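Data block below; observations after.
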Amino acid sequence: MEFLTLSLLNGLSYGLMLFMLSAGLTLIFSMMGVLNLAHASFYMLGAYFAYSLTLFVGFWPALLLAPLLVGLLGAGFEKYCLRRVHAFGHVPEMLVTFGLNTVLVELVQLVWGRGPVDYRIPAGLEGPLFALWGTPFPTYRGFMVLVALAMLAALWLLLKRTRIGLVVQAALTHPDAVQALGHNVPRVFMGVFGGGAALAGLAGVVGGNAFVTEPGMAATVGSVVFVVVVVGGMGSLAGAFWASLLIGVLQTLAVGIDLPVLGWTGVDALGRIKLSQLAPLLPYALLVLVLLLRPQGLWGQRAD
């Protein structure tokens, strides 16, 4: 019971971090139809910007400033680069975002080096939040859960209860009508792309010190984020939320279960393979299963 409860809590915090990262990608795809291959690089930039800002102004100002800087970079990229290839279709869009991903990784290595940086959890969030059966649950993981839920609530209110959200959703389906009403549709799309990048940057600020901030962090989570988006349903924000929780819990449970795989064969080399070693493969196995049984995703395309 202790193992199950703690694994669920840890899986919840990890899953919500994945949601913070996948929410921006889902918004960009659902609003603009752009599959942004550089999205994980914005997550990486958020962590590195927060690390540098923390050295000068502390963690709490960096929590606000780093996503803002990443969002401005994303908006500038959409205006001066992505917008120019938008008329040529999805393949050029994917290629230009792939190029951006490569450039950002190289720039990070030039500025901060190839090794990990010492981006630490702030002193006020260190230590246990509570203990279950004598096992502590870290305060910072509780903070990650709080930030992710606050972000989810803010997104829902923005898209469903504000004039900005109505204009954004209208520009998606009827851009000419929105333009005729006096709204600047290209500026709306620039804001959507910048906002999606800012959400990825926020995930980097919160997740960079909980895990490891190094140049390979974008590649580590990038493929998992695309799995989340596909499993949840392309363009579905609610689907991305539930898929993030599902993958987070499955991976956390698999890591904690130290059972031999294929041990019944009697071959030692196979018997030494543990279920925890296969945990990184679980999201991709789930992806294959979902594509075979329900190609539109577990919660359907644009279910929300």
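All values below were derived from every heavy atom in this structure, side-chain atoms included, with hydrogens, water molecules and symmetry-related copies excluded. One-based numbering along the sequence shown. Note that this is a predicted model, so its numbers are computed, not measured.
The line from CZ of Arg187 to NZ of Lys79 is 8.0 Å long, rounded to the nearest 0.5 Å. For the atom pair CG of Leu250 and CG of Leu286, the computed distance is 6.5 Å after rounding to the nearest 0.5 Å. The distance from the CZ atom of Phe226 to the CZ atom of Phe29 is 10.0 Å, given to the nearest 0.5 Å. Considering OG1 of Thr97 and CZ of Phe77, their distance stands at 6.5 Å, rounded to 0.5 Å. Atom CG of residue Leu35 and atom CG of residue Leu25 lie 6.0 Å apart, to the nearest 0.5 angstrom. For the atom pair Gln109 CD and Leu104 CG, the distance stands at 11.5 Å (nearest 0.5 Å).
Using a 4.5 Å heavy-atom cutoff, the side chains of Val206 and Met20 are in contact. Taking 4.5 Å as the limit, every side-chain heavy atom of Leu199 sits out of range of all side-chain heavy atoms of Leu21.
Among Ser236, Ser22, Ser244, the single residue meeting the side-chain contact (heavy atoms from CB on, under 4.5 Å) criterion with Val229 is Ser22.
Considering only residues two or more places apart in sequence or on other chains, His183 meets the side-chain contact (heavy atoms from CB on, under 4.5 Å) condition with Arg163, Val167, Val178, Leu181. Every residue was checked against the salt bridge (Lys or Arg N to Asp or Glu O under 4.0 Å) condition with Arg84, not counting sequence neighbours, and none meets it.
The aromatic rings of Phe193 and Phe42 sit perpendicular, their planes meeting at an angle over 60°, well past the 30° parallel limit.
In the model, Ser52 has a side-chain atom that pairs as donor or acceptor with a side-chain atom of Trp112 under 3.5 Å. In summary, the side chains of Asn10 and Thr252 do not present any donor paired with an acceptor at a separation below 3.5 Å, with no hydrogens or angles considered.
For residues 137-171, the set of pairs meeting the ring-ring contact (aromatic ring centres under 6.0 Å, His included) definition, not counting sequence neighbours, comprises Trp60-Phe143, Phe130-Phe137, Tyr140-Phe143.
Criterion: ILVMFWY side-chain heavy atoms under 4.5 Å apart, direct or through other members. Under it, Leu27 and Met190 are not part of a common hydrophobic cluster.
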